[in-house]
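Everything below concerns the one structure shown next.
In what follows, chains are A, B, ... by sequence order, proteins preceding strands, each numbered from 1. Predicted, not measured: the structure shown is a model, and the values here were computed from it.
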Protein chains: 2
Amino acid sequence: MERRGGLSPEQELALLKTRKKVIEAVGNNMDLYGITPSTGHLYGLMFFQNKPMTLDDMRQAMEMSKTSMSTGVRTLVDLKMVNKVWEKGSRKDLYEVEHDWYQTFADFFSIKWRKAAEINLHALRKSRFELLALVEQYPGDEELEQQVQLDLAKIEEAIRYYQWLIRLIETLESQEIFKLVPKDNG
Amino acid sequence: MERRGGLSPEQELALLKTRKKVIEAVGNNMDLYGITPSTGHLYGLMFFQNKPMTLDDMRQAMEMSKTSMSTGVRTLVDLKMVNKVWEKGSRKDLYEVEHDWYQTFADFFSIKWRKAAEINLHALRKSRFELLALVEQYPGDEELEQQVQLDLAKIEEAIRYYQWLIRLIETLESQEIFKLVPKDNG
DNA sequence: TACTTCGTACAGAAATAACTGTACGTACTG
DNA sequence: CAGTACGTACAGTTATTTCTGTACGAAGTA
């Protein structure tokens with residue numbers, strides 16, 4: 001029986017077929033991370049690779065341009081889903097997936113959600129300040145005060161929410177979340 | 001001083017200007033929820049509305065087609081970010097935002113992330129089953145067993161991760177998360 | 001029953017995002 | 001010092017998504 005890479009063709013085929021289904025399932029749901037389908041597919045491909053990949057490896061496996069691989073892998077590196085690794089003697093950049101998915105999840109929130117929360121929090125606080133100033137500008141104007149109060153109540157509540165969200169993200173960043181929701185199914 | 005809706009033009013302008021900045025900040029970051037910018041903007045608009053809106057109200061305020069409002073609001077309703085409300089006497093459908101943002105956050109994970117986690121978990125378990133069957137099909141083939149073992153280890157770890165993720169989402173769904181990460185900044 | 005009004009399905013147009021090939025800067029190699 | 005290999009910026013093309021106008025079914029009204 002002819003063997004390639006230690007496996008018979010049927011065995012290799014069965015392995016690849018099984019991988020493919022997982023790659024597709026995982027890749028399809030990666031839009032939650034704001035990733036395009038093809039970058040998701042690239043990630044899935046790298047997931048089963050047992051050694052770091054170069055851009056040319058990816059290009060060949062994905063049958064796409066090297067430019068696309070470059071931008072796709074950059075997206076994944078920015079999200080810390082993939083790490084750039086060093087191997088002596090190689091001039092090419094090497095990449096491999098971060099296999100700690102708990103960490104990947106935490107990093108995603110740390111990078112994307114935290115940033116959004118901070119931007120919104122800043123806008124809300126500025127808005128609160130401006131509304132309070134507006135009321136002070138027209139002392140005794142009850143109609144104004146009433147209108148402003150409606151907006152202020154919403155803004156205050158939103159501020160509380162974002163503060164909570166940031167605290168939640170911090171429990172992810174500090175690994176404290178695993179004390180609250182343990183990894184093992186105890 | 002001329003008054004419209006109880007406020008002077010300058011006051012109204014100041015209020016709208018302040019609102020606009022919040023709407024933009026919030027709307028811009030809504031891509032995290034997989035929502036288009038214009039649907040995000042629609043959400044921001046509705047957020048400051050003090051009464052339920054009809055599709056025609058939205059069309060007018062957004063200066064867009066009614067069809068777009070219909071699809072946009074449907075997206076928001078599907079995500080439970082906006083609720084359809086009933087008002088006697090009105091033939092038109094009325095919508096208002098869900099102001100409990102903690103709930104909105106929890107619903108989002110319940111709807112989107114949980115679904116993705118379950119799909120992936122299913123694919124992974126099926127894959128695990130197939131790989132174990134493959135090994136059984138070729139008893140004593142150490143090379144195969146070794147190769148399969150590499151994939152299996154990754155799959156097992158991924159399964160553990162998704163199980164954890166689903167448990168985390170369940171703490172959101174059950175409000176238990178607020179015991180772990182309290183709303184109030186104690 | 002005929003006449004409105006409402007929301008949305010659907011097809012085409014407009015806008016946006018993804019992908020490719022070329023070109024170029026950087027860094028090794030001989 | 002050429003000469004080569006590498007990664008990516010950039011502009012143009014292709015593909016996808018978003019948005020619009022028309023059309024139509026459902027439900028209310030006279």
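Rounded to whole Å, atom P of dT20(D) lies 11 Å from atom CD of Glu63(B). Counting to the nearest Å, the C1' atom of dA27(C) and the CG atom of Asp93(A) are 12 Å from each other. The nearest whole Å value for the distance from the NZ atom in Lys84(B) to the C1' atom in dC6(C) is 11 Å. With rounding to whole Å, Trp86(A) atom CH2 is found 12 Å from dA27(C) atom C1'. Taking atom CE on Met69(B) and atom P on dA9(C), their separation rounds to 16 Å, with Å as the unit. Put simply, CZ on Arg91(A) is 11 Å from C1' on dG7(D), counting in whole angstrom units. Following rounding to the nearest Å, Met64(A) (CE) and dA15(D) (P) show an atom-to-atom distance of 12 Å. Atoms CE (Met62(B)) and C1' (dC19(D)) sit 11 Å apart, rounded to a whole Å.
Contact between the side-chain N/O atoms of Ser38(B) and the OP1/OP2 oxygens of dC19(D) is found at a separation under 4.0 Å. Here Arg59(A) does not reach the OP1 or OP2 of dG7(D): none of its side-chain N or O atoms lies under 4.0 Å away.
Side-chain atoms of Thr36(B) lie closest to dC19(D) of the nucleotides dG7(D), dC19(C), dC19(D). Side-chain proximity of Arg74(B) to the nucleotides dG7(C), dA9(D), dA9(C) is greatest for dA9(C).
Ring pair Trp101(A)/Phe108(A): centre-to-centre distance not below 6.0 Å. For Phe178(A) and Phe105(A), the gap between ring centers reaches or exceeds 6.0 Å.
Looking only at distances, a side-chain donor or acceptor of Arg167(B) sits under 3.5 Å from a matching main-chain atom of Lys183(A).
Residues Ser68(A) and Lys66(B) each lie close to DNA chain C; by heavy-atom proximity, the contact nearer the 5' end of the strand is made by Lys66(B).
The side-chain hydrogen bond (donor to acceptor under 3.5 Å, both in side chains) with Glu118(A) is formed by just one residue from the set His122(A), Arg114(A), Lys115(A); it is Arg114(A).
Side-chain N/O atoms of Thr67(B) and base N/O atoms of dG7(C) include no donor-acceptor pair closer than 3.5 Å.
Residues Leu165(A) and Ala117(A) share a closest heavy-atom pair of CD2-CB, 4.1 Å.
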